[in-house]
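Please read the structure below before turning to the comments.
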Amino acid sequence: MMTGVCERAVDLGAPDLLVEFETLPPMTVDPQLGVTITNILATILHAVQARHGIKAALRLTPNDSRDHRRPPPMRSGYYWENMLRLFAAAGAAGADMLAIESTGGKEIHDDALMNADLEGIVYALGVLAPRDMSFLWRHIVQICNDTGIVPSGDTGCGFANTAMALASQKMVPRVLAAIVRVACVPRGLVAFNEGAVGPSKDCAYEGPYFKAIAGVPISMEGRSAACAHLSPLGNIPMAACDCWSNESVQNVRLLSAPAPVVSMDQLIFDCRLMNRASLDGREASLTLRRWLEESDALLDPQAYVLKPQIVFDISQQIVLQPTPYLQTRTAVLAAVEALKQGVKHNGLTLSAIELRWLDKLATQSAALPEDEDEFIALMMRKYKDSPYIPTEYGLPCT
Amino acid sequence: MTEHPLYIAVLDGDARGARAAVEEALNAGADPQDLLSSYMIPAMDEVGKRFDDGEYFVPELLIAARAMKSGLELLRPLLAETGAKPVGTVIVGTVRGDLHDIGKNLVASMLEGGGFKVIDLGVDVAPEKFTAAINEHHPDILAMSALLTTTMPGMKTTIDVLKQDGLRDSVKIMIGGAPVTRRYATEIGADAFSESASGAVREAKSLLKL
């Protein structure tokens, strides 16, 4: 697979190539397995680089395997230690960047999402996840600094993409998925506060907010990821991307070539189009950006919250808040308001059922307390019998 | 039926209302079995229908199931006294190596809402744990879930172990999960397949000829 995509990139004269290797759980639980595969991939990639002059990089994304135990110990134990071993070995194995799809808070979030329970969602994303990411990313950044590789970024994949997938199956409202997407922004910012520099993960569709707030380069995927999951976000993620990516292309044979080669082909032509627009100057770039934005934004709330102007507006509100909880609360309130205004004034189309849910979620969001201590105390009582360990998040024992 | 406060409370996911309606009906001399079969189960059927028709989302299914459960808590002891049994008993679990439980939990809630007794074995369930639970609880149905193509074969392994242990014919087997298909269910010798939680309740009832 690696040889095939590299050959296609060379054949089409792609100037730069970033390949990501996301490990499967056994490859992190047994770090040597992850190291061996990383080394194989890096050897092929770097040989192509040396022979053809293409600028190439390998990003290693170990999966977060801490939730293999329930409730998950987040800061110690077998799974955590093996993750650390893979992080530490990544550079020597040939990886140029390190990333992760961290899962802190998912123990609470999954259930809250299925119940459309905003306070549970905000507890997971605004209190638990940031505390976990601060701990986790401090380690990742230190290891990257020690081993000379780039700490790139995290993603709300386990949260917002779960919501997006459930919304596409008509299991949860699309407006909820849109709000969860924006609520994932503050947790993602924690990685950058700890020293991550980007590019952010491609499946972090909240990336434009990272770019607006932290000024980091972002990877994005959209229609190019339809092979892995359908979504209503086809073109708009491309509007602000720095790296354009696919996602989990199964290695099956198509009429022309294996699917990963076909996907590489399509990515390169997309990039040529964006680079061509860029070469034609600011006006041309903005025209292409507007087309990418306007083709999707009014047809789905999840696309609407990625409109550059909405991203700027909400980002400005988020950065005024001092803590991740208050940022997440603000993100939720601002997303609800943006969707309401979008329907009222800007032509955002929502079904009657979605509008009913937007009202319900607006009521829930208005009840989120401004006092963070009060909120945490409330949630610790609510979730006292839930499958998570508060002390693993630096919270007091219940 | 559709104007009865118990039916409306379950349909609206009003747990307190459901409990209050059960209390009121019992005080007025209503038959516990009649409350269950005439109002609560039909209300959950309607919730499932609205979900299938795209009028309800999963959160509405779950709060309706909780309202049902809240009313059932009052009814259960009375039903037990009269010898009434649940619609059926189902063991549910996500197969070995798979930690995903959103779909499995949803199926469990919907089955409970449909009047089944549910024994939830959780995630990453080894075949031996399924067989031990079958020996202990003697369920009518075993429902297995998997989200990954890499863990899906755990369903076949479990069925093979049931055959080895002589338990296969004692229980109906239903499977589901994102990569699972009806064809796969047939291939591995499962009795039923559903691609949705509400469909799982229908399949479970169909398996028990209800």
Side-chain angles (χ1 to χ4, degrees), chain A residues 24-27 29 63-72 79 103 106-118 120-121 158-159 161-163 165-177 180 228-230 248 250-252 351-354 356-358 360-361 364 386-387, chain B residues 12-13 15 47-67 69 93-94 96-110 113 120-126 145-151 154 176-180 194-200:
Chain A
L24 291 169
M27 303 168 190
V29 174
N63 68 289
D64 188 345
S65 48
R66 293 173 294 174
D67 67 352
H68 278 46
R69 273 189 60 195
R70 304 279 179 95
Y79 294 105
T103 58
K106 196 161 158 58
E107 316 92 292
I108 297 295
H109 190 270
D110 277 352
D111 197 48
L113 179 63
M114 294 308 289
N115 284 284
D117 171 14
L118 263 187
I121 288 168
F159 308 93
N161 290 6
T162 300
L166 292 172
S168 75
Q169 295 167 44
K170 299 183 171 51
M171 294 176 80
V172 300
R174 288 167 183 256
V175 288
L176 175 64
V180 171
H229 54 75
L230 301 178
S248 303
Q250 279 204 318
N251 195 19
V252 294
S351 67
I353 301 168
E354 291 285 347
R356 172 163 59 84
W357 267 97
L358 184 56
K360 283 186 184 187
L361 295 167
Q364 282 194 47
S386 292
Chain B
D12 290 347
V47 169
K49 182 179 173 301
R50 290 188 184 188
F51 178 69
D52 290 342
D53 291 345
E55 294 172 30
Y56 270 13
F57 290 110
V58 165
E60 286 150 319
L61 298 189
L62 292 175
I63 59 168
R66 275 201 295 277
K69 205 170 176 177
T94 306
R96 183 163 60 191
D98 199 322
L99 299 169
H100 296 89
D101 58 6
I102 289 180
K104 183 265 297 171
N105 291 346
L106 184 57
V107 168
S109 291
M110 287 300 290
D120 187 349
L121 301 184
V123 296
D124 191 18
V125 181
S145 167
L147 188 77
L148 306 173
T149 51
T150 50
T151 57
V180 179
S194 175
E195 55 187 4
S196 71
S198 54

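All values below come from the heavy atoms of this structure, side chains included, with hydrogens, waters and symmetry mates left out. Naming convention: chains lettered A, B, ... in sequence-line order (proteins, then strands); numbering from 1 in each chain.
- Looking at Gln250(A), neither its backbone nor its side chain comes within 4.5 Å of chain B, counting heavy atoms on both sides.
- Contact annotation for Ser351(A): neither backbone nor side-chain heavy atoms come within less than 4.5 Å of a heavy atom of chain B.
- With a 4.5 Å cut-off on non-hydrogen atoms, Leu106(B) touches chain A through its side chain but not through its backbone.
- Heavy atoms closer than 4.5 Å to chain B are found nowhere in Asp117(A), neither backbone nor side chain.
- A search for side chain to side chain contact (heavy atoms under 4.5 Å, CB included) contacts involving Asp124(B) returns Arg96(B), Leu99(B), not counting sequence neighbours.
- The shortest non-hydrogen separation linking Tyr56(B) to Arg356(A) is CD1-NH2, 4.5 Å.
- Sparse packing is recorded around CD of Glu195(B), with 12 or fewer heavy atoms of other residues, nucleotides or ligands lying under 6.0 Å away.
- Of the atoms belonging to Lys106(A), not a single heavy atom falls under 4.5 Å from chain B.
- In this structure, Lys69(B) places its NZ atom where only 12 or fewer heavy-atom neighbours from other residues, nucleotides or ligands lie under 6.0 Å away.
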For Met114(A) and Asn105(B), what are the C-alpha separation, side-chain angles and deciding distance, and is it a side-chain contact (heavy atoms from CB on, under 4.5 Å)? CA-CA 10 Å; Met114(A) 294 308 289; Asn105(B) 291 346; over 6 Å; no
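- At a heavy-atom separation below 4.5 angstrom, chain A is approached by Phe57(B), Val58(B), Pro59(B), Glu60(B), Leu62(B), Arg66(B) within residues 57-66 of chain B.
- Two residues are said to be in side-chain contact when any heavy atoms from C-beta on lie closer than 4.5 Å; Thr162(A) and Ile102(B) meet this criterion.
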